[in-house]
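Just below is one structure, and these are the notes that go with it.
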Amino acid sequence: MSDLLWQKPGVTVDSDIQAFLAGDDVILDRDFFLHDIQASRAHAEGLERIGILSADELAGIARELDALADDFSSGSFVLDARYEDGHSAIEARLTERLGDAGRRIHTGRSRNDQVLVATRLWLKEKLARTHALCIETATIALDRARAEGDVPLPGYTHLQRAVVSSLGMWWAAWAEAFIDNAVRAADTLAWIDANPLGSAAGYGVNLPLDRDHTTAALGFGRMQVAATYAQLSRGKFEMAALEALSSAMLDLRRLAWDLSLFTTGESGFASLPAQYTTGSSIMPNKRNPDVIELMRATYASVAAARTEIEQLLSLPSGYHRDLQLSKGALFHGFGKGLQALALLPDLLRNLDWNTERMRAALEPSMYATDLAVDMARDGLPFREAYRQAADPARWAEGDPAASLAARTSPGAAGDLRLDALRARLEALGGV
């Protein structure tokens, strides 16, 4: 490992202790190394604006940061155990190439606000990705709701056959769910869109840092004003981002459960695209729905990441090294969550239905609610209508198309209000 930024003369660094302190930072920092480079460039521009760096020094730093980003992207520079973390690697590279100009890059900056700003930029990117995937999912669901709206599908409560439903209602539910998830991702992105760079270790510095410039240069919506709050927001903003992702993952879990049930041999309502299934290691006849089972499980990874960060935050104000451990949880949660969410659009786009099996699963009892409501509409008190409709002798084969068409309460099969959902989707940037 290179010399530590904080190493003091006469103090021996114990290798085991240093390994514990550094943890997996040098590996984890690869995830937002390019964001760290981006923020370093903006910081250098700010230093030049207040006279700490000359124009020539800034030009050299900008050139070398661009070269470092290219080398990292191409694999010719590897962030590895030579460095304590990504922050020290950037400074070491600039010092190696530029001498004193590289040694000036950290003026007015702490690794505390350096990790904050890199993480914040990374979170904005991940929430934008979450938003886009939710929009794509909602668009597919809405298109299929319109195309397959009248196809009968058994509706269940308590996993028991309950009423006649439709593919239109099933698809519309997921369309609106993922519209809401997209809204939550966008709202959370706007909430965390605050620049912490320039807060240093949480108490500011005795320099007139141009924080307005770095805010604009990095594309933040606003400056995070209070230097002390910048530190307090670490973990809090990460939890909010994971909560936005977990909202989508919760719906993915329930959707995957539906498909797990619909694709059983006993149900046979749907079949998955072949690439979303795997074979058994011993049973030659099996094609297993492993992808949707892992989709179902992934919510746990996101929820666990949020819980891990929450448990780190039993802290007073100011920076504490405990917060270093939040990075692993954050990367794991978003890594697993977005990987699962990215598979959803094509799954829904290519899902096949067995309409004959769906219709065959409709039985006379599933029209009992329609019967009770019809009698109530004709003047019989509903509780009496309910009692009469509960008699199996009153049950008879019904017409699913008529049942669906008569369900005219807003949002039901006879009045899906898909145009209202389409308008919300278009307002979010969907089509």
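For clarity, every value in this text was computed on a predicted model and none was experimentally measured. Residue indices begin at 1 and follow the sequence shown.
- Between E91 atom CD and Q114 atom CD the span is 8.0 Å, to the nearest 0.5 Å.
- Closest approach of R109 and D113 over heavy atoms only: CG-OD1, 3.5 Å.
- Legend: salt bridge (Lys or Arg N to Asp or Glu O under 4.0 Å) pairs involving residues 126-137, not counting sequence neighbours, sorted by first then second residue: E136-R349.
- The backbone N or O of S247 lies less than 3.5 Å from no partner atom in the side chain of R184, so there is not a single donor-acceptor pair.
- Smallest separation of non-hydrogen atoms from A342 and P345: O-CD, 3.5 Å.
- For the pair R161 (side chain) and A361 (backbone), a donor-acceptor distance under 3.5 Å is present.
- Residues I61 and E64 are not in side-chain contact: their nearest non-hydrogen atoms beyond the backbone lie 4.5 Å or more apart.
- The main-chain N or O of D71 is found under 3.5 Å from a side-chain atom of S74 such that the two form a donor-acceptor pair.
- Not a single side-chain hydrogen bond (donor to acceptor under 3.5 Å, both in side chains) links T119 to another residue, sequence neighbours left out.
- Of the possible donor and acceptor atoms, none in the side chain of S246 sits under 3.5 Å from a partner among the backbone N and O of M249.
- Relative orientation of the W170 and W174 rings is perpendicular, given thresholds of 30° and 60° on the angle between their planes.
- Scanning for side-chain hydrogen bond (donor to acceptor under 3.5 Å, both in side chains) contacts around D193 gives K124, with sequence neighbours left out.
- Only one option out of F32, F237, F334, F33 pairs with W122 in a ring pair (Phe, Tyr, Trp, His ring centres under 6.0 Å); it is F334.
- Inter-residue side-chain proximity for L348 and W171 is flagged as met; some heavy-atom pair is nearer than 4.5 Å.
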